[in-house]
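Below is one structure; the comments refer to it alone.
It should be emphasised that the depicted structure is a prediction, and the values quoted were computed from it without experimental measurement.
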Amino acid sequence: MGEIEDGEADHITADVQGQKCALVCECTAPESVNGKDNLPFLKAVLKNPVCKLYRFPTSDNKWMRIREQMSESILSFHIPKELISLHIKEDLCRNQELKELGELSPHWDNLRKNVLTHCDQMVNMYQDILTELSKETGSSFKSSSSKGEKTLEFVPVNLHLQRMHVHSPHLKDALYDVITVGAPAAHFQGFKNGGLRKLLHRFEMERRNTGYQFIYYSPENTAKAKEVLSNINQLQPLIATHADLLLNSASQHSPDSLKNSLKMLSEKTELFVHAFKDQLVRSALLALYTARPGGVLKKPPSPKNSTEESCPQDPPPLMKRQDSIPHHSDYDEEEWDRVWASVGKSLNCIIAMVDKLIERDGGGEGSDGGSKDGEKDPSLVDPIITHPREDWYEQLYPLILTLKDCMGEVVNRAKQSLTFVLLQELAYSLPQCLMLTLRRDIVFSQALAGLVCGFIIKLHTSLHDPGFLQQLHTVGLIVQYEGLLSTYSDEIGMLEDMAVGISDLKKVAFKIIEAKSNDVLPVITGRREHYVVEVKLPARMFEALPLQIKEGQLLHVCPVLFNVGINEQQTLAERFGDVSLQESINQENFELLKEYYMTFMEKMPPDYISHFQEQNDLKGLLENLHQNIQAKKRKNVEIMWLAATICRKLNGIRFTCCKSAKDRTSMSVTLEQCSILRDEHQLHKDFFIRALDCMRSRQTQGALNESDDPETGCLTDNKPTSRHFYPVALLLVSSHLLVVWLILSLALLLAKYQ
């Protein structure tokens, strides 16, 4: 009957003639058939595995062995704590920038004080939540009974890995992973007014029609302001560091080192200058001017240096102002152009000086330096080169100092103006704005915890697959979420939350780095509009990666969500309610999936594509999926199966979600596993239902009423299962069986308590 692992085995008879299926044994050992799960890297992420071993007959009456494993993940709490710490740091920085905005007119100054008061309260709340999460030392996942607790809002519900390992007599071993998790949603906040999708739309419409006391900036402009501020904070210290390295190379009289330092300085400075090539900065400067007392912009004088005379450069073309901001005749719009252009002029003078120094020293041809115009007049620096070669440092130092001064002036003005843009978003409907930010942070935290868990597991599983690694750094990974929420009552709000949370995962990029210690837990950096998750790999695993990944290339994901409600509430929604939300979500995400497929076919190497097309008919599957989405059929589970198949064939990460990741999720996962055994591993056609019942049976699932739920840590042997007296999959076929199901379930409950 198959091999039995360590420990006692609970045997169930197996007889092909009697058409019975077998649970070979039950164990808690995390070992797999190939032993790969023993690596410390994966054991640092997964905890408390529960394993089941089965064997089922194939179509040629041989046996296949299946190992099913469910594991918790410590990332359920680790990722939220990392994210909350990042939010606190970002909000404290924003509050400080608001305080340093300078003198404002009474109207704007009162608004700023009000914003700071509420923002400080928000930071204190985040700090309290982080403190409470740090005290959690028990379970490594949040049970469904705790989804409404305020201190656990950021933690996903029931995050688990469901893994099926198949050992087939004819085919090579295969692993199938599904991450199961409760739908990312703000349960403590409630759904009385809907979820994020509706709330954000309503908030934006109200802001668009705001009164005169606010200046309206679109969400795209607000996001752009945050991006530019983030780039400033990152690039300014880098430029200062490379400038100091350039001076150090000059003091050592090393031409090669001088060229390399100049190249790095030029690249970072050009990125810095490019960050301000946007109408938003110019518009924000004018808006801030109007907010100063008397409309007079109080600013320190521009640094006086010779760069404007010695290194002429045409200022960038003027851009149109934002229509909502009044124009002041005494406001000099060209002044910003002069200040901004002074950074590029200073860089060009440094490049010219370095070229002349190297040329005079006989060090060969001058460095190209990455100058934007590539033209440097030798007469500009010839009069300065009158010192011996040991004076390189003295000749470069004044130019470096001028560059830093010009850069400091640009940073000061840009920071203040863009912070003023962020003030507009916060000032309007202040409590509502911050509550929306909180809700979005909560939902995103739950979604990100699952994504990081899935990414790490997928990376570990496919680490030795060259095709996967090439796909990873070329087009990124597809991440497919299967939603089973209904479009009825509170679950409408949950679905709206979930849709926004999963869409926000597009802001996430992964970076794989080498672990320098035994701590391999991921680290999150960035800000709300752009996160980078650093995944640590042990040295031996890191060396197996392609060069592009080892050099720190950011790896992106493409999240898609397909939702099909399957419970009795969805029956009510389809007959008496509205399912337009589900239809629009599925259509929008199909377009994203199709776009990813087109990018995949375009960017992957031709030899890989030709082999890939031979193995997979993805184009036909996509067309079939599109037809099913357009059909608007009731409880069309074909959408789920097609989306899951496409995801697996594209080497993607699979998620299955319902309200609590229990009943509907378990039905979906077991149905998917048996479908895979039938379609991919030749499960005997007469044993499909029996295999499904075996995986769902009490002896394999355990009793799942309140006292027997694995979440509570209490398992008993004499309780009847509360998970599906009859397979809910039957309800997917016809909603008319719902009444029969309810009557039979009620009869069994009455019999239990008699």
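- In this structure, the separation between CG on L477 and CG on L459 is 9.0 Å, given to the nearest 0.5 Å.
- The CG atom of L83 sits 9.5 Å away from atom CD of E90, with the distance rounded to the nearest 0.5 Å.
- With hydrogens and angles disregarded, a donor-acceptor distance shorter than 3.5 Å links the side chain of R112 to the backbone of L98.
- For the pair Q424 (side chain) and F420 (backbone), a donor-acceptor distance under 3.5 Å is present.
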Validation: residues 545-557 side-chain donor-acceptor distances under 3.5 Å, sequence neighbours left out:
residue	atom	partner	partner atom	Å
Q553	NE2	H473	O	2.5

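- The aromatic ring centres of F154 and Y126 sit less than 6.0 Å apart.
- Q480 CD to I478 CD1: the interatomic distance, rounded to the nearest 0.5 Å, is 8.5 Å.
- Taking OG from S251 and CG from L246, the interatomic distance works out to 10.0 Å, rounded to the nearest 0.5 Å.
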Name each donor-acceptor pair under 3.5 Å that joins a side chain in residues 595-608 to protein atoms two or more places apart or in another chain, with its distance.
residue	atom	partner	partner atom	Å
Y596	OH	Q471	NE2	2.9
Y596	OH	G476	O	2.7
T599	OG1	E595	O	2.9

Show your reasoning for whether side chain to side chain contact (heavy atoms under 4.5 Å, CB included) applies to V508 and F444. CA-CA 11 Å; V508 179; F444 179 78; 3.6 Å; yes

Got a list of side-chain donor-acceptor pairs under 3.5 Å for residues 223-234, not counting sequence neighbours?
residue	atom	partner	partner atom	Å
S230	OG	R527	NE	3.0
N231	ND2	E227	O	3.3
N233	OD1	K415	NZ	3.1
N233	ND2	L229	O	3.2

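- Rounding to the nearest 0.5 angstrom, the gap separating the CG atom in L650 from the CZ atom in F468 is 12.0 Å.
- Nearest heavy-atom pair across V421 and A284 is CG2-CB, 3.6 Å.
- Looking at L258 and K263, their side chains never come closer than 4.5 Å, going by heavy atoms from C-beta outward.
- The structure places CG of L403 at 9.0 Å from CG of D405, a figure rounded to the nearest 0.5 Å.
- One side chain, S261 or S249, offers a donor N or O that lies under 3.5 Å from an acceptor on the other.
- The backbone N or O of N221 lies less than 3.5 Å from a partner atom in the side chain of S218, making a donor-acceptor pair.
- Counting all heavy atoms, side chain and backbone alike, C119 lies closest to N95 at CB-OD1, 3.4 Å.
- Applying the ring-ring contact (aromatic ring centres under 6.0 Å, His included) test to pairs two or more places apart or on separate chains, none has a residue in residues 230-252.
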Which pairs of donor and acceptor atoms, one on a side chain in residues 515-525, lie under 3.5 Å apart (sequence neighbours left out)?
residue	atom	partner	partner atom	Å
S517	OG	D519	N	3.3
D519	OD1	L521	N	3.2
T525	OG1	V532	O	3.4

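- T269 places no side-chain N or O within 3.5 Å of a backbone atom of S266 that could act as its donor or acceptor partner.
- Residues satisfying the ring-ring contact (aromatic ring centres under 6.0 Å, His included) criterion with Y397, sequence neighbours excluded, are Y393.
- The closest donor-acceptor contact from the side chain of S445 to the backbone of D441 lies at 3.5 Å or more, if one exists at all.
- Each of K99, R94, E100 was scored for a side chain to side chain donor-acceptor pair (under 3.5 Å) with Q96, with one residue passing: E100.
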Going through the distances and angles, do I456 and V452 end up as a side chain to side chain contact (heavy atoms under 4.5 Å, CB included)? CA-CA 6 Å; I456 291 177; V452 176; 3.9 Å; yes

